[in-house]
Amino acid sequence: MNGPAMAYGSRLSQQLQEGGIRDPRVLQAITQTPRQLFVDGGLALRAWENTALPIGQGQTISQPYIVARMTELLLERLGPGPVLEIGTGSGYQAAILASLVPQLCTVERIKSLQILARRRLKQLDLHNIAFKYGDGWQGWPSKAPFGGILVTAAASEVPPALLAQLADSGRLVIPVGDHYQVLRVIDRVGDEWVSQDVEAVRFVPLVPGETE
């Protein structure tokens, strides 16, 4: 990134740290990932604000605090295997994750968003990402089991397919609910899933997509 962008990134990371984000890896990733690349040109001046922004198709790029918080929660307890992201969206969350994990698999149901995200992530020279166009409710069975799963839209209930694709000792981070949504962390311990609600959130709904 150029000098001004790095300065904006540092300022945003400082703001997130003051808001409770503690993992230095996550803060560094936020600093070094050019968020302006993931929004439309008309919103570029707002890219470094700690706020969600529209990206078209009724979708949003999440608030940086939420991106950082979900990433931090996921990294606390990763199991063996790749990480799965449900909802590629703008590609911003994928960029953060791909800079922190060895392999990322990401699923998106809206083709036009996926095409733009792939282009942006290629610009950042991130080559450890596999993309799938399809239904996030179904996960990505052929790539499972996953050491971690992160969902960037709110499900009315936790998708059973995602629980089944979670590796032993892996973690699922997912917003759950309709009118009232909560960020939920689910850890797999053998054949048991241990759930904890973290904080209230607001996401677009996880809508079923195409199936192969």
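All of these numbers come straight from a predicted model, not from anything done at the bench. In what follows, every heavy atom counts, from backbone to side chain, and hydrogens, waters and symmetry copies are set aside.
- The local environment of CD in E199 is crowded, with over 12 non-hydrogen atoms from other residues, nucleotides or ligands closer than 6.0 Å.
- Taken from CG in N128 to CG in L104, the straight-line distance is 7.0 Å, to the nearest 0.5 Å.
- The closest side-chain heavy-atom distance from F38 to T33 is below 4.5 Å.
- Both L37 and W48 belong to a common hydrophobic cluster when Ile, Leu, Val, Met, Phe, Trp and Tyr are linked at side-chain heavy-atom distances under 4.5 angstrom.
- When all heavy atoms of P159 and L206 are compared, the closest pair comes out as CG-CD2, 4.2 Å.
- Listed here is the closest heavy atom pair of A154 and F203: N-CB, 3.7 Å.
- No donor-acceptor contact under 3.5 angstrom links the side chains of Q28 and S13, judged on distance only.
- Partner of I86 under the side chain to side chain contact (heavy atoms under 4.5 Å, CB included) criterion, out of I174, T152, T106, L162: L162 alone.
- Residues L74 and L100 are not in side-chain contact: their nearest non-hydrogen atoms beyond the backbone lie 4.5 Å or more apart.
- In this structure, V198 and R69 have side chains that are in contact, with non-hydrogen atoms separated by less than 4.5 Å.
- E108 contributes a side-chain N or O that, together with a main-chain N or O of T88, makes up a donor-acceptor pair within less than 3.5 Å.
- One distance of note links OG of S156 with NE2 of H179; it measures 11.5 Å at 0.5 Å rounding.
- By the 4.5 Å heavy-atom criterion applied to side chains, L121 and F131 are counted as neighbours.
- Two residues are said to be in side-chain contact when any heavy atoms from C-beta on lie closer than 4.5 Å; K143 and L84 fail this criterion.
- For the side chain to side chain contact (heavy atoms under 4.5 Å, CB included) criterion with Q63, the lone passing option out of I61, V67, I66 is I66.
- In this structure, N50 contributes its side chain and L12 its backbone to no donor-acceptor pair below 3.5 Å.
- The closest side-chain heavy-atom distance from C105 to K132 is not below 4.5 Å.
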(request) Under the salt bridge (Lys or Arg N to Asp or Glu O under 4.0 Å) rule, what do D191 and R188 come out as? Steps first, then yes or no, please. (result) CA-CA 7 Å; D191 292 328; R188 182 168 187 174; 3.7 Å; yes
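- Of the possible polar contacts, none joining the Q36 side chain to the A47 backbone as a donor-acceptor pair under 3.5 Å is found.
- The hydrophobic cluster containing L183 also contains I21, counting ILVMFWY residues as joined when their side-chain heavy atoms lie under 4.5 angstrom apart, directly or transitively.
- Side-chain contact between S99 and Q32 is absent, with no heavy-atom pair separated by less than 4.5 Å.
- The structure places CD1 of I30 at 12.5 Å from CD of Q17, a figure rounded to the nearest 0.5 Å.
- Here CG of L53 is found 5.0 Å from CZ of R35. Values are rounded to the nearest 0.5 Å.
- Smallest separation of non-hydrogen atoms from P208 and D135: CA-OD1, 3.4 Å.
- Linking ILVMFWY residues whenever their side-chain heavy atoms come closer than 4.5 Å, directly or via other members, leaves I149 and L97 in distinct clusters.
- Taking every heavy atom of both residues into account, L16 and P64 meet most closely at CD1-O, 4.0 Å.
- Residue-environment remark: NZ (K111) exceeds the threshold of 12 foreign heavy atoms within 6.0 Å.
- Proximity of L116 to S90: side-chain heavy atoms (C-beta onward) are nowhere separated by under 4.5 Å.
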Pair up each side-chain donor or acceptor in residues 163-173 with any protein partner under 3.5 Å, not counting sequence neighbours, and list the distances.
residue: Q165; atom: OE1; partner: W140; partner atom: N; Å: 2.8
residue: Q165; atom: NE2; partner: Q138; partner atom: O; Å: 2.9
residue: Q165; atom: NE2; partner: A161; partner atom: O; Å: 3.4
residue: D168; atom: OD1; partner: G190; partner atom: N; Å: 2.7
residue: R171; atom: NE; partner: D187; partner atom: OD1; Å: 2.6
residue: R171; atom: NH1; partner: L73; partner atom: O; Å: 2.7
residue: R171; atom: NH1; partner: E76; partner atom: OE1; Å: 3.1
residue: R171; atom: NH2; partner: D187; partner atom: OD1; Å: 3.4
residue: R171; atom: NH2; partner: D187; partner atom: OD2; Å: 3.0

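- Annotation: the span from L124 atom CG to R120 atom CZ amounts to 10.5 Å, rounded to 0.5 Å.
- For F146, there are no ring pair (Phe, Tyr, Trp, His ring centres under 6.0 Å) partners at least two apart in sequence or on another chain.
- Cluster annotation: I110 is not connected to V151 through the hydrophobic network of ILVMFWY side chains, with a link wherever side-chain heavy atoms come within less than 4.5 Å.
- Note: Q114 CD to R109 CZ = 12.5 Å, rounded to the nearest 0.5 Å.
- By the rule that hydrophobic residues join a cluster once side-chain heavy atoms approach within less than 4.5 Å of another member, I115 and L126 end up as members of separate clusters.
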(request) Just do the side chain to side chain contact (heavy atoms under 4.5 Å, CB included) check on S62 and Q93 with the steps written out, would you? (result) CA-CA 8 Å; S62 293; Q93 174 73 79; over 6 Å; no
